[in-house]
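Counting from 1, the numbers follow the sequence of the chain as shown.
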Amino acid sequence: MSNGDAAPAGLGRGRVALVLPGGGARGAYEVGALSVLLPALEARGERVSLVCGTSVGAINAALLGSLAHLPAEAQAELALERWRSLRREDVVAPLLGTGLPLQLARLAGDALRLPGVRRGSLLDPRPLRRFLERRLDWDGLHRNVADGFVDAVCVMATQLASGSPVAFVEAAGPTRLPDAGADFPYVRVRLAHEHVRASAAMPLVFPAVEVHAPEEARGFYTDGATRLNSPIKPAVELGADRVVVIGFEPLRRPAGPLPEHVSPHLVDVLANMLDGLLVDQVADDVHRLVAINAFFAESIGTGTVPAARAYRAARGRRPYRRISYALVTPERPRELGRLALETFSNRYGGVRAATAPPDLLLLGRLLRGRTDAGGDLLSFLFFDEAYVETLIEAGRRDAHRWLARHPGFWCSDGSHDFDIAPVVDASAQEAASLDEWRSLRRG
């Protein structure tokens, strides 16, 4: 181990996984939160050994995998530097310009099934490909996996032919991947930019990506967020004992009065679809994790749970385990969208609009619905240095808020962060397990 390198990931108290969902430009929020959490973990004598990401989370997963040999402070500093140096032209080509007629022709070709003009999209992702090829240290990622600084890096994509999520996993030799009985395929690969681009190929916005290797997984893929945005399940199935999850919306939204009845814009409809596709998936997955901890996981306090154990055994699965978690999200609903609108207005509002790139100005105009939903959509596509800095600071603030509420870093008690009462009666736990087993069999 060279001077300044971190200890291999296996050193520590169980396997720690990062779970990074998709969210476009919101990936800066993930890195901001991790710039606080990774040093806090290291101070406890713990290190990340698994990284699972979807869409922009896959990009961050590959980035962090390439930095895993470094101490946590250095990892955080370099990850922040990458995001702070990112510009919109590193991600997409200008929408308005000489390429616009070609993009429209490709969209028409897809719709009409015309030969020679297929795989259209609203945006041209070639800059992102160049960015991933040149700015991510792929050799460093491979070396860190081989040397044990990280046990596995997993990125999720959706295979178009089957509609199934697929986990592309670069893992050290001893790491066992889930077998054919798993809910979706796990494919051992040497990760490359094509796997990460496939995970980040947001439908309509970016074209599907053809993956060439390995041979058994060849085909076209689109954004993994369409099927599995928050990859908690692969993190657990790859052996995580603790998970750090970053989300972009609070998982308990406060009840309030119904919003004003207005005729919605298309922006409002799209934003609600995006909430269901991305944000609600994260909430559902975290709630499932916490519910399993409360009702089905085996623990010293409640003993074994025969019904849950029998159900898992019948499906060839290992018993449920209690998984501790750290969860960082904004405190208020749609906060990142609100910050996107505020930043856009400060940067390009009024007379400052003359300095805005034409396509960005058009995007900002289009994404102003009658509600604040337009900010949610803008927050995915607003790759702007001022907004990136705002997201980084928001992620750091919310990570500090988690640590203030959880001095021991980890939590596994559903009553602390969710409306799930802890189980103190093993018979009640057994009854709940039987109810789940019966409902699943009926389904």
Q: Assess whether side-chain contact (heavy atoms from CB on, under 4.5 Å) is satisfied between Asp223 and Thr54, documenting all intermediate values.
A: CA-CA 8 Å; Asp223 200 320; Thr54 299; 4.2 Å; yes

Q) When you look at Val243 and Ile323, which way does the side-chain contact (heavy atoms from CB on, under 4.5 Å) test go after all the steps? A) CA-CA 7 Å; Val243 294; Ile323 306 295; 4.1 Å; yes

Q: For side-chain contact (heavy atoms from CB on, under 4.5 Å), just list the numbers for Leu238 and Cys154, CA-CA rounded to whole Å, side-chain angles, deciding distance to a tenth of an Å, and then say yes or no.
A: CA-CA 9 Å; Leu238 287 168; Cys154 169; 4.1 Å; yes

Q: List the steps and the verdict of side-chain contact (heavy atoms from CB on, under 4.5 Å) for Arg338 and Arg334.
A: CA-CA 6 Å; Arg338 178 183 58 80; Arg334 287 186 160 162; 5.9 Å; no

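The aromatic rings of Trp402 and Tyr325 are tilted relative to each other, their planes meeting at an angle between 30° and 60°.
In summary, the side chains of Arg227 and Ser164 do not present any donor paired with an acceptor at a separation below 3.5 Å, with no hydrogens or angles considered. Using a 3.5 Å distance cut-off with no hydrogens or angles, the side chains of Tyr29 and Asp398 do pair a donor with an acceptor. Side-chain atoms of Ser85 and Arg135 include a donor-acceptor pair closer than 3.5 Å.
With sequence neighbours left out, Arg332 forms a salt bridge (charged side-chain N to carboxylate O under 4.0 Å, His left out) with Glu335. Residues passing the side-chain contact (heavy atoms from CB on, under 4.5 Å) test with Ala33 are Ile246, Val328, Ala399, sequence neighbours excluded.
Using a cut-off of 4.0 Å between Lys/Arg side-chain N and Asp/Glu carboxylate O, Glu133 and Arg129 are scored as salt-bridged. Salt bridge Lys233/Asp183: present, at least one basic N to carboxylate O contact under 4.0 Å. The residues Arg87 and Asp90 are annotated as not salt-bridged, no charged nitrogen and carboxylate oxygen being separated by less than 4.0 angstrom. In this structure, Arg47 pairs ionically with Glu42, as a charged nitrogen and a carboxylate oxygen lie closer than 4.0 Å. Salt bridge Arg26/Glu30: absent, no basic N to carboxylate O contact under 4.0 Å. Of the charged side-chain nitrogens involved, none lies within less than 4.0 Å of a carboxylate oxygen, so that Glu385 and Arg84 do not count as a salt-bridged pair.
Looking at Leu20, Thr329, Val19 one by one, the single match for side chain to side chain contact (heavy atoms under 4.5 Å, CB included) with Val245 turns out to be Val19.
In this structure, the separation between CD on Glu46 and CH2 on Trp410 is 6.0 Å, given to the nearest 0.5 Å. To the nearest 0.5 Å, atoms CG (Leu63) and CG (Leu141) are separated by 9.5 Å. Of the inter-residue distances, the one linking Leu34 atom CG with Ile392 atom CD1 reads 11.5 Å to the nearest 0.5 angstrom. If you take OG1 on Thr222 and CG on Leu160, they are separated by 5.5 Å, rounding to the nearest 0.5 Å.
Distance alone, capped at 3.5 Å, places no donor-acceptor pair between the His406 side chain and the Leu327 backbone. Judged by distance alone, the side chain of Asp241 and the main-chain N or O of Val16 form no donor-acceptor pair under 3.5 Å.
Ring pair Phe382/Phe380: centre-to-centre distance not below 6.0 Å.
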